[in-house]
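Single-structure report; data block below.
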There are 2 protein chains.
Amino acid sequence: MTSQAIEPIAITSLAEEAFSKLVQLITSGAYSPGQRLSESELARQLGISRGPLREALGRLEGRLVTRTPRIGIRVIDFRPEEVSQLFLVREALEGMAARLASENMTTGEIEHLRALLEEHGRQPDISAGQAYHQGVGDDDFHFATIKGARCEHLEKLLLDQVYYHLRLHRLRASAQPGRAQAAFAEHREILAALVTRNPDAAEGCMRRHIRNARLNALSSLAGSARDSREERWHA
Amino acid sequence: MTSQAIEPIAITSLAEEAFSKLVQLITSGAYSPGQRLSESELARQLGISRGPLREALGRLEGRLVTRTPRIGIRVIDFRPEEVSQLFLVREALEGMAARLASENMTTGEIEHLRALLEEHGRQPDISAGQAYHQGVGDDDFHFATIKGARCEHLEKLLLDQVYYHLRLHRLRASAQPGRAQAAFAEHREILAALVTRNPDAAEGCMRRHIRNARLNALSSLAGSARDSREERWHA
DNA sequence: GCAAGGAAAACTGTTGACAGTTGCAAGCCC
DNA sequence: GGGCTTGCAACTGTCAACAGTTTTCCTTGC
């Protein structure tokens with residue numbers, strides 16, 4: 001007898017798979033903000049009938065698309081003042097996340113964060129003031145901090161909504177000279193507050209960091225420089 | 001010639017109407033947290049085919065219902081620690097809303113809020129420590145404060161998500177003796193900060209108020225007293 | 001050349017039918 | 001009596017067809 005465990009077949013549906021696929025397509029830039037999505041065309045491309053597709057699009061409604069009855073579906077498109085608001089929401093939620101992280105993160109997680117920043121600090125682009133390339137997933141400073149907060153609601157709002165919106169709008173970093181360095185320095189201040197388990201400092205530093213990111217994003221929008229599809233939504 | 005303006009016919013769809021109807025049904029308590037919803041039965045009761053209903057349920061997914069493929073739909077049901085988290089999110093968002101309201105509310109709006117509290121203060125139930133009956137819509141202190149913040153993202157998150165969840169779970173107020181009076185007093189402190197246009201004070205008072213509401217809700221849950229369907233999600 | 005109108009194509013919204021799956025009840029066996 | 005198995009009804013997931021609406025393109029007239 002072999003002790004090979006049999007993996008259960010993952011149960012899914014076409015609607016679910018279409019939803020995931022569309023989230024990935026939209027947030028990766030395959031469609032621009034404001035772009036019209038044709039249900040008929042999408043169904044053809046995905047190789048499914050329109051029923052489950054409509055269901056998936058329903059799930060996306062109010063998150064990444066807007067639907068006008070009888071007209072169709074568009075990828076959401078924020079006005080500049082809405083982008084600004086997004087950072088206010090982010091400030092509130094990520095400030096709270098940092099506060100909770102200072103209380104709930106394990107020693108190992110904080111160490112991971114420290115090592116992450118150390119590695120980030122070796123990027124030549126930062127000292128040159130050009131860019132701050134962050135990792136993805138666990139290697140992203142913000143992602144790791146949010147996870148460390150141990151608050152599913154917060155996490156869900158940030159990762160499944162706020163961050164999608166940031167990605168969709170390609171908010172640029174380092175448009176201002178020296179911003180990459182400043183962002184990195186701010187990360188280090190946040191880490192210091194986490195290490196000392198100081199909730200007020202953690203929240204305060206994170207909020208200031210997001211406020212600076214907001215100012216940076218706003219000046220980018222003022223320049224109307226939407227020429228790059230490179231994802232820089234952070235700092 | 002009459003100058004009677006002709007109102008355009010509102011364009012909607014069965015899916016949209018079903019969505020609105022379901023939101024109302026779920027948040028008004030027609031279905032309990034965790035309850036199974038039958039698509040076949042709902043379609044019969046609403047008098048529509050299952051297509052648009054599935055679309056409406058798709059929109060509700062991740063907001064007020066969870067779907068398990070091939071099994072069906074359930075009204076969301078938060079564990080106690082998730083309820084607690086909901087108040088942390090609320091604290092962050094409503095704290096920010098109060099900050100923005102102190103900066104953005106018109107004199108008329110602040111006056112309306114003052115009049116609202118004055119009227120609330122005449123409720124005999126409050127001095128008796130029994131309950132704090134709040135109005136609905138514009139006559140609700142929190143609702144009015146959030147509107148006064150002038151931040152659509154914040155408003156949408158709070159009114160279309162956080163508050164739905166609070167209503168769904170029937171979080172009780174005034175379970176602790178004296179809570180109604182304390183809640184009312186806290187409202188007045190928030191108002192004072194708004195009147196003086198002090199963002200830090202407004203945020204600080206609102207956050208403390210929500211923290212106290214959280215403690216109150218948690219002690220209600222500890223008592224496992226879910227015997228009333230009366231909607232008291234506030235204080 | 002431009003604007004208006006009409007026709008056709010493509011689209012969106014909805015329904016009903018079919019296939020596969022799940023849950024419940026009844027029957028049988030120990 | 002309890003547990004297990006089987007069968008059937010009801011359900012969920014999907015598709016294709018139909019009806020109504022919108023968009024696009026072409027023609028005509030000024």
Side-chain angles (χ1 to χ4, degrees), chain A residues 6-26 30-77 168, chain B residues 6-26 30-77 168:
Chain A
I6 299 184
E7 298 272 343
I9 296 173
I11 296 175
T12 185
S13 66
L14 290 184
E16 270 203 15
E17 296 193 36
F19 174 77
S20 301
K21 182 70 181 177
L22 287 168
V23 167
Q24 192 262 332
L25 284 169
I26 293 172
Y31 306 115
S32 307
Q35 185 171 345
R36 168 85 193 282
L37 302 185
S38 158
E39 195 175 288
S40 310
E41 187 57 34
L42 278 177
R44 269 190 292 272
Q45 289 175 3
L46 292 171
I48 62 174
S49 75
R50 284 170 47 232
L53 173 64
R54 289 180 68 89
E55 205 177 317
L57 289 169
R59 274 179 73 184
L60 284 168
E61 196 167 344
R63 290 189 172 97
L64 288 174
V65 301
T66 59
R67 179 190 284 271
T68 308
R70 294 196 318 230
I71 305 295
I73 298 264
R74 282 190 189 278
V75 176
I76 56 171
D77 188 8
L168 174 60
Chain B
I6 298 183
E7 298 272 343
I9 296 173
I11 296 175
T12 184
S13 67
L14 291 184
E16 269 203 17
E17 296 193 37
F19 174 76
S20 300
K21 183 70 179 176
L22 288 168
V23 167
Q24 192 261 333
L25 283 169
I26 292 172
Y31 306 114
S32 307
Q35 184 171 346
R36 168 85 192 284
L37 302 185
S38 157
E39 195 176 290
S40 309
E41 187 58 32
L42 278 177
R44 270 190 292 272
Q45 290 175 1
L46 293 172
I48 63 175
S49 75
R50 287 172 43 233
L53 173 63
R54 289 179 69 88
E55 204 175 319
L57 290 169
R59 273 177 75 182
L60 284 167
E61 198 168 341
R63 289 187 173 102
L64 287 173
V65 301
T66 60
R67 179 190 284 271
T68 308
R70 296 196 318 233
I71 306 295
I73 297 261
R74 281 186 190 280
V75 176
I76 58 170
D77 189 9
L168 176 58

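The sequence lines fix the lettering, A, B, ..., with proteins before strands; numbering per chain opens at 1.
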Between CG on residue A:Leu57 and CZ on residue A:Phe19, distance to nearest 0.5 Å: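 It is 10.5 Å, given to the nearest 0.5 Å.
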
Closest listed nucleotide, where the reference is the side chain of [X] and the choices are [options]:
X	options	result
B:Ile48	C:dG13, D:dT14, C:dT15	C:dT15
B:Ala15	D:dC15, C:dC11, C:dT14	C:dT14
B:Glu39	D:dT21, D:dG13, D:dC15	D:dG13
A:Ser49	D:dC11, C:dC11, D:dC15	D:dC15

What's the [atom1]-[atom2] distance between [X] and [N], to the nearest Å?
X	N	atom1	atom2	value
A:Leu42	C:dA10	CG	P	17 Å
A:Arg74	D:dT22	CZ	C1'	13 Å
A:Arg44	D:dA16	CZ	P	13 Å
B:Glu55	C:dT12	CD	P	11 Å
B:Leu53	C:dT15	CG	P	11 Å
A:Glu16	D:dT14	CD	P	9 Å
B:Arg70	C:dA19	CZ	P	18 Å
B:Leu46	C:dT14	CG	P	13 Å

Closest-nucleotide ordering on DNA chain C, the 5'-leading residue of B:Ile71 and A:Arg50: A:Arg50

So does B:Arg54 get a side-chain nitrogen or oxygen closer than 4.0 Å to the phosphate oxygens (OP1/OP2) of D:dG13?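 Looking at the OP1 and OP2 atoms of D:dG13, one of them is under 4.0 Å from a side-chain N or O of B:Arg54.
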
Would you please confirm or rule out a distance under 4.0 Å between OP1 or OP2 of C:dG23 and any side-chain N or O of B:Arg36?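 Indeed not, no polar side-chain atom of B:Arg36 lies that close.
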
Once you apply a heavy-atom cut-off of 4.0 Å, does [X] come out as touching a base, just sugar-phosphate, or nothing?
X	value
A:Pro52	sugar-phosphate
B:Gly51	base
A:Ser40	base

Decide side chain to side chain contact (heavy atoms under 4.5 Å, CB included) for B:Arg59 and B:Glu16; before the verdict, give the C-alpha distance in whole Å, the side-chain angles of both, and the deciding distance to 0.1 Å. CA-CA 9 Å; B:Arg59 273 177 75 182; B:Glu16 269 203 17; 3.8 Å; yes

Decide, yes or no, whether a salt bridge links A:Arg50 with A:Glu55 under the criterion of side-chain N to carboxylate O below 4.0 Å.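 A salt bridge is absent here (no side-chain N lies under 4.0 Å from a carboxylate O).
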
Counting only N and O atoms by type, is there a donor-acceptor contact under 3.5 Å from the side chain of B:Arg36 to the main-chain atoms of B:Ile71?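 Side chain of B:Arg36 to backbone of B:Ile71, a donor-acceptor pair under 3.5 Å: yes, one is there.
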
Under 3.5 Å: donor-acceptor pair, side chain of A:Gln35, backbone of A:Ser32: yes

